[in-house]
Amino acid sequence: MNTQLRRTAVAVAATAMAVSLAACGSAKEAGGNGSGGDDKKKDGPLTIGLLLPEDQTARYENFDKPLIEKRIKELCSDCEISYVNAKEDASTQQQQMNSMITKKVDAIILDAVDAKSIAGSVNKADQAGIPVVAYDRLAEGPISAYTSFDNEQVGKVQGTALLEELGDKAGDGQIVMMNGSPTDPNAAMFKKGAKSVLDGKVKVGKSYDTTGWKPEEANKNMSGAIASLGKENIVGVYSANDGMAGGIITALKSAGVDPLPPVTGQDAELAGVQRIISGDQFMTVYKPFQPEAYAAAEMAVALARGEKPETETTVDSATTKDVPATLIEPIAVTVDNLKDTVVKDGLYTVEEICTAKYAKACEKAGLK
């Protein structure tokens, strides 16, 4: 394994936002993109709506939800949180948004299933004076704030890691690109970032946009790529996340590919980390969930109180310009720096990673 993997992204500054917070029970109703309002006072505690997109990826239920809820409660102990999960169904999420609007919640944190189709619901929220914080994915419509990672940089980190691991083998065969869901705008940015590094350096034999980020779809696509290209001709696989990497690796093993080519990933899922320990998966991208989740909570509480969140940058969506944004840098993780990243940060304990199945590999990696 190439031990020269770039680690410049390892230093991640936690994004503590300077948000001035008033008393919980006397919020202004924000209106018109969260920038103003009618100065009416609301009696009783604030309610923050939290809409997450799916439960197939471990991060949402295990990290994003509890971290967002924790930070909201720290900022506003009597705030109420109304949580729903769309389970990868765009129409369900539209209904959930409409329900939040009917309930007259004070702000919404939205991680969109489909960034385009949710725009109508975001517009309804805006018309009702309910600010919307786009979380992780840049939803269209008049959103009031946005927090995510530098998603093109995620793709660049993945592409750079793959290219450096391939070394002289980069020109010997072809790679397969397993991109994310076509309804997720982040997937397009991951792909754009990766291609900015890989184009002209490797030959892409097959490229797929994977419906719903589903591992079984990635497995099916990878099996098709092996049949089309020939297993001996595949020198690497760009996988946009860890869940798909699991499906890809299963397909490679089923086809008798040995040794496995380097396979990328993202999200630092426990199963992905364990595959890195065992040598099945080459790398993942660790996106520290706490600063992203905390930024969303801070933005939502500020907006619910009629205040403007203070951010350092702005972004443009397809429909809205100059959206206040907090963007967080991703970290490339391989077996060489697992201990100094996901373990050091407390994402997982050594005991969680190093179960009996991975004990020997953990010893070799210096985790035990």
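All residue numbers in this chain count up from 1 along the given sequence. The figures that follow rest on heavy atoms only: side chains count, while hydrogens, waters and symmetry mates do not.
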Query raised in the report: Can you name the residues that form a ring pair (Phe, Tyr, Trp, His ring centres under 6.0 Å) with Phe63, not counting sequence neighbours?
Result: Phe289

Query - salt bridge (Lys or Arg N to Asp or Glu O under 4.0 Å) involving Lys364 - partner list, sequence neighbours excluded - result: none

Query raised in the report: Which is it for Asp242 and Thr284 under the side chain to side chain donor-acceptor pair (under 3.5 Å) test, yes or no, and what are the steps along the way?
Result: CA-CA 7 Å; Asp242 289 342; Thr284 187; 2.9 Å; yes

Query raised in the report: Should Lys253 and Asp280 count as an ion pair when the cut-off is N to O under 4.0 Å?
Result: yes

Only pairs under 3.5 Å count here: list side-chain donor-acceptor contacts from residues 187-195, not counting sequence neighbours, and write none if there are none.
{"unit_1": "Lys191", "atom_1": "NZ", "unit_2": "Asp209", "atom_2": "OD1", "d": "3.1"}
{"unit_1": "Lys192", "atom_1": "NZ", "unit_2": "Glu152", "atom_2": "OE2", "d": "3.4"}
{"unit_1": "Lys195", "atom_1": "NZ", "unit_2": "Asp199", "atom_2": "OD1", "d": "3.2"}

Report task. Flag the pair Glu69 and Lys65 as a salt bridge only when some basic side-chain nitrogen lies within less than 4.0 angstrom of an acidic carboxylate oxygen. Result -> yes

Query - disulfide bond (SG atoms under 2.5 Å apart): pairs with one or both residues in residues 158-224, sequence neighbours excluded - result: none

Report task. If a pair satisfies side chain to side chain donor-acceptor pair (under 3.5 Å) and one of its residues is in residues 174-187, list it, with sequence neighbours excluded. Result -> Arg137-Asp184, Asn151-Asn186, Asn179-Ser207, Ser181-Thr183, Asp184-Trp213

Report task. Could you check if a side-chain atom of Val263 sits within less than 4.5 angstrom of a side-chain atom of Leu252, using non-hydrogen atoms only? Result -> yes

Query - Set of residues satisfying side-chain hydrogen bond (donor to acceptor under 3.5 Å, both in side chains) with respect to Ser91, sequence neighbours excluded - result: Asp89

Report summary line: Asp114 meets the salt bridge (Lys or Arg N to Asp or Glu O under 4.0 Å) criterion, sequence neighbours left out, with none

Query - Non-hydrogen side-chain atoms of Pro309 and Glu298 separated by less than 4.5 Å - result: no

Query raised in the report: Tell me, which pairs form a disulfide bond (SG atoms under 2.5 Å apart) where one or both residues lie in residues 265-300, sequence neighbours left out?
Result: none

**Report entry** Any pair counted as side chain to side chain donor-acceptor pair (under 3.5 Å), so long as it reaches residues 263-274, sequence neighbours left out
**Finding:** Gln266-Lys287

Query raised in the report: Taking only residues at least two apart or on different chains, which pairs with a member in residues 151-182 satisfy ring pair (Phe, Tyr, Trp, His ring centres under 6.0 Å)?
Result: none

Requested in this report: Name all pairs fulfilling the ring pair (Phe, Tyr, Trp, His ring centres under 6.0 Å) condition that reach into residues 310-344, sequence neighbours left out, sorted by first residue then second.
Outcome: none

**Report entry** Sequence neighbours excluded, every pair satisfying ring pair (Phe, Tyr, Trp, His ring centres under 6.0 Å) that has a member inside residues 151-176
**Finding:** none

Query raised in the report: If you measure from the Lys or Arg side-chain nitrogens to the Asp or Glu carboxylate oxygens, is any gap between Arg71 and Glu74 under 4.0 Å?
Result: yes

Report task. Kindly determine whether Glu54 and Asn85 satisfy side chain to side chain donor-acceptor pair (under 3.5 Å), including the steps that lead there. Result -> CA-CA 6 Å; Glu54 47 102 342; Asn85 191 303; over 6 Å; no

